[in-house]
Amino acid sequence: MNTSKTKDKYKIAVVPGDGIGKEVMEAAIYVLDSLGIDFEYIYGEAGDECLEKNGTALPQETLDIIRDVDACLFGAAGETAADVIVKIRQEMKMFANLRPVKSYPNTNSLSDNIDFMIVRENTEGLYIANQESYTDEGAIAKRIITRDAEERIIDYAFKYAKENNKTKVTGVHKANVLKKSDGLFKEIFYEVAKRYPEIETEDFYVDATAMYLITQPESFEVIVTTNLFGDILSDEGAGLVGGLGLIPSANIGEKGALFEPVHGSAPDIAGQNKANPIAMMLSTVMMLRYLGENEAADRFDAAILKVLNDADVLTGDLGGSATTMELAEEVKNNL
């Protein structure tokens with residue numbers, strides 16, 4: 001991720017999507033606009049409502065917008081998520097999915113000192129396009145693991161650890177069963193590790209990792225894994241620290257980046273102004289760091305932490321009764 005300021009004005013694609021995506025996006029931009037940075041927002045459509053309206057869940061126009069900006073903020077997609085966010089990642093070659101798992105005050109966190117990053121390969125594995133087909137017996141799906149993609153994501157994880165003062169990287173796989181595909185992942189993991197002798201390395205099977213996340217979550221610093229495993233483990237990580245309303249993510253490629261909360265469109269509470277916008281806000285903080293706006297990112301991050309620490313204005317999932325925009329107002333007031 002970028003570490004130094006690159007521009008005086010930024011073009012940001014804003015794709016609110018479906019359900020609570022629109023509400024949490026409004027809240028995040030409300031605070032973002034208070035940071036004194038010059039942003040030009042270019043809005044695009046995507047998701048279930050877009051499909052119903054336009055006959056496609058991801059119009060070419062939206063893809064073109066995302067290609068032509070400094071970064072993209074994405075809210076949430078409903079049933080069309082695979083046709084939207086997975087396709088954007090693949091089209092834009094956003095190979096790295098970063099999902100931080102961190103404990104915050106006054107949340108249902110399993111421990112007070114959880115703080116690790118899941119680095120997930122974003123372009124292959126079981127999530128490749130057209131991966132499934134029906135057969136006479138049932139259905140079949142291909143799992144694609146390539147040396148180039150896995151070496152790239154593993155090296156990215158080690159670089160991330162080095163640049164963020166992390167001392168350990170954990171490779172996660174299922175090489176005892178998936179001996180060829182995950183066997184290759186494990187082999188590449190230790191090949192790349194040799195380039196970073198200062199970083200401690202370990203590897204676990206994905207099922208063991210799922211247990212260790214519960215029994216010893218504080219022991220993890222950076223986890224690197226394949227697409228499906230990363231997706232599942234990051235949702236488990238959300239459960240460790242109070243829920244999906246607190247987990248942001250970044251999708252990083254060589255030619256673009258998209259930032260989104262890990263949660264979905266939550267149609268059961270959509271339109272009620274009660275969704276927790278913190279995951280979207282933390283995703284926006286990640287965007288600011290990517291753009292090199294570290295001072296603004298620190299201010300935004302500190303304001304969120306202050307609101308959580310005070311615990312006076314929280315949404316229902318955190319035990320409070322505040323609306324989405326009331327929480328946003330409180331964050332803004334604490335900048």
Donor-acceptor check, side chain of [X] to backbone of [Y], threshold 3.5 angstrom: yes or no?
X	Y	result
Thr201	Ala193	no
Thr135	Gly138	yes
Ser109	Pro105	no
Thr215	Met211	yes
Asn97	Ala250	yes
Asn251	Ala257	no
Thr225	Arg120	no
Glu121	Thr123	yes
Glu326	Thr323	yes

Going from [atom1] on [X] to [atom2] on [Y], what distance comes out if it is rounded to the nearest 0.5 angstrom?
X	Y	atom1	atom2	result
Phe189	Asp155	CZ	CG	12.0 Å
Thr107	Ile278	OG1	CD1	9.0 Å
Glu52	Glu49	CD	CD	8.0 Å
Leu178	Lys180	CG	NZ	11.0 Å
Leu213	Leu110	CG	CG	10.0 Å

Could you tell me if the side chain of [Y] sits less than 4.5 Å from the side chain of [X], heavy atoms only?
X	Y	answer
Ile29	Val14	yes
Ile199	Thr167	no
Asp64	Asp68	no
Tyr127	Asp231	yes
Val206	His173	no

request  = Check the pair Glu200 / Lys166 against salt bridge (charged side-chain N to carboxylate O under 4.0 Å, His left out), numbers first and verdict last.
outcome  = CA-CA 9 Å; Glu200 181 187 347; Lys166 303 292 186 180; over 6 Å; no

Can you find a side-chain donor-acceptor pair between [X] and [Y] that sits under 3.5 Å?
X	Y	answer
Thr146	Asp148	no
Tyr190	Asp203	yes
Asp48	Thr80	yes
Glu236	Ser234	no
Asn54	Glu45	yes

Are more than 12 heavy atoms from other residues, nucleotides or ligands located less than 6.0 Å from atom [atom1] of [X]?
X	atom1	result
Glu254	CD	no
Asn108	CG	no
Asp38	CG	yes

Can you label the angle between the [X] ring and the [Y] ring as parallel, tilted or perpendicular, going by 30° and 60°?
X	Y	result
Phe204	Phe220	perpendicular
Phe158	Tyr196	parallel
Tyr10	Phe39	tilted

Hydrophobic clustering (ILVMFWY, side-chain heavy atoms < 4.5 Å, transitive) - are [Y] and [X] grouped together?
X	Y	result
Ile247	Ile252	no
Met281	Leu318	yes
Phe229	Met94	no
Val262	Val84	no
Leu335	Leu314	yes

Between [X] and [Y], which heavy-atom pair has the shortest distance, and what is it?
X	Y	answer
Asp18	Ala46	OD1-O, 4.2 Å
Leu35	Ala296	CD2-O, 4.1 Å
Ser103	Ser111	CB-O, 3.1 Å
Val313	Val307	O-CG1, 3.5 Å
Ala157	Val169	O-CG2, 4.2 Å
Thr324	Glu23	CG2-O, 3.9 Å

message = Applying salt bridge (charged side-chain N to carboxylate O under 4.0 Å, His left out) to Lys306 and Asp310, what does each step give before you reach the verdict?
response = CA-CA 6 Å; Lys306 178 75 163 53; Asp310 291 347; 2.7 Å; yes

Hey, is [X] close enough to [Y] for a salt bridge, meaning N to O under 4.0 Å?
X	Y	result
Glu91	Lys255	no
Glu260	Arg89	yes
Asp182	Arg143	yes
Arg289	Asp298	yes
Glu187	Arg147	yes
Lys186	Glu150	no
Lys274	Asp317	no

inquiry  = Please evaluate residues Thr170 and Val172 with respect to the criterion side-chain contact (heavy atoms from CB on, under 4.5 Å), reporting the C-alpha separation (whole Å), side-chain torsions for both, the decisive distance (0.1 Å), and the verdict.
reply    = CA-CA 6 Å; Thr170 305; Val172 175; 4.2 Å; yes

inquiry  = Let's go through Val24 and Asn276 carefully: what are the C-alpha distance in whole Å and the side-chain angles of both, what is the deciding distance for side-chain contact (heavy atoms from CB on, under 4.5 Å) to 0.1 Å, and is it a yes or a no?
reply    = CA-CA 7 Å; Val24 298; Asn276 182 354; over 6 Å; no

ask   = Going through the distances and angles, do Ile12 and Leu291 end up as a side-chain contact (heavy atoms from CB on, under 4.5 Å)?
value = CA-CA 11 Å; Ile12 306 297; Leu291 296 172; 4.2 Å; yes

request  = Decide yes or no on ring pair (Phe, Tyr, Trp, His ring centres under 6.0 Å) for Phe259 and Phe74, but give the supporting numbers first.
outcome  = CA-CA 6 Å; Phe259 302 85; Phe74 183 85; over 10 Å; no

key: Check against side-chain contact (heavy atoms from CB on, under 4.5 Å), Leu98 and Tyr156   = CA-CA 10 Å; Leu98 305 181; Tyr156 189 97; 3.6 Å; yes

ask   = salt bridge (charged side-chain N to carboxylate O under 4.0 Å, His left out) with Lys168: which of Glu202, Glu198, Glu218?
value = Glu202

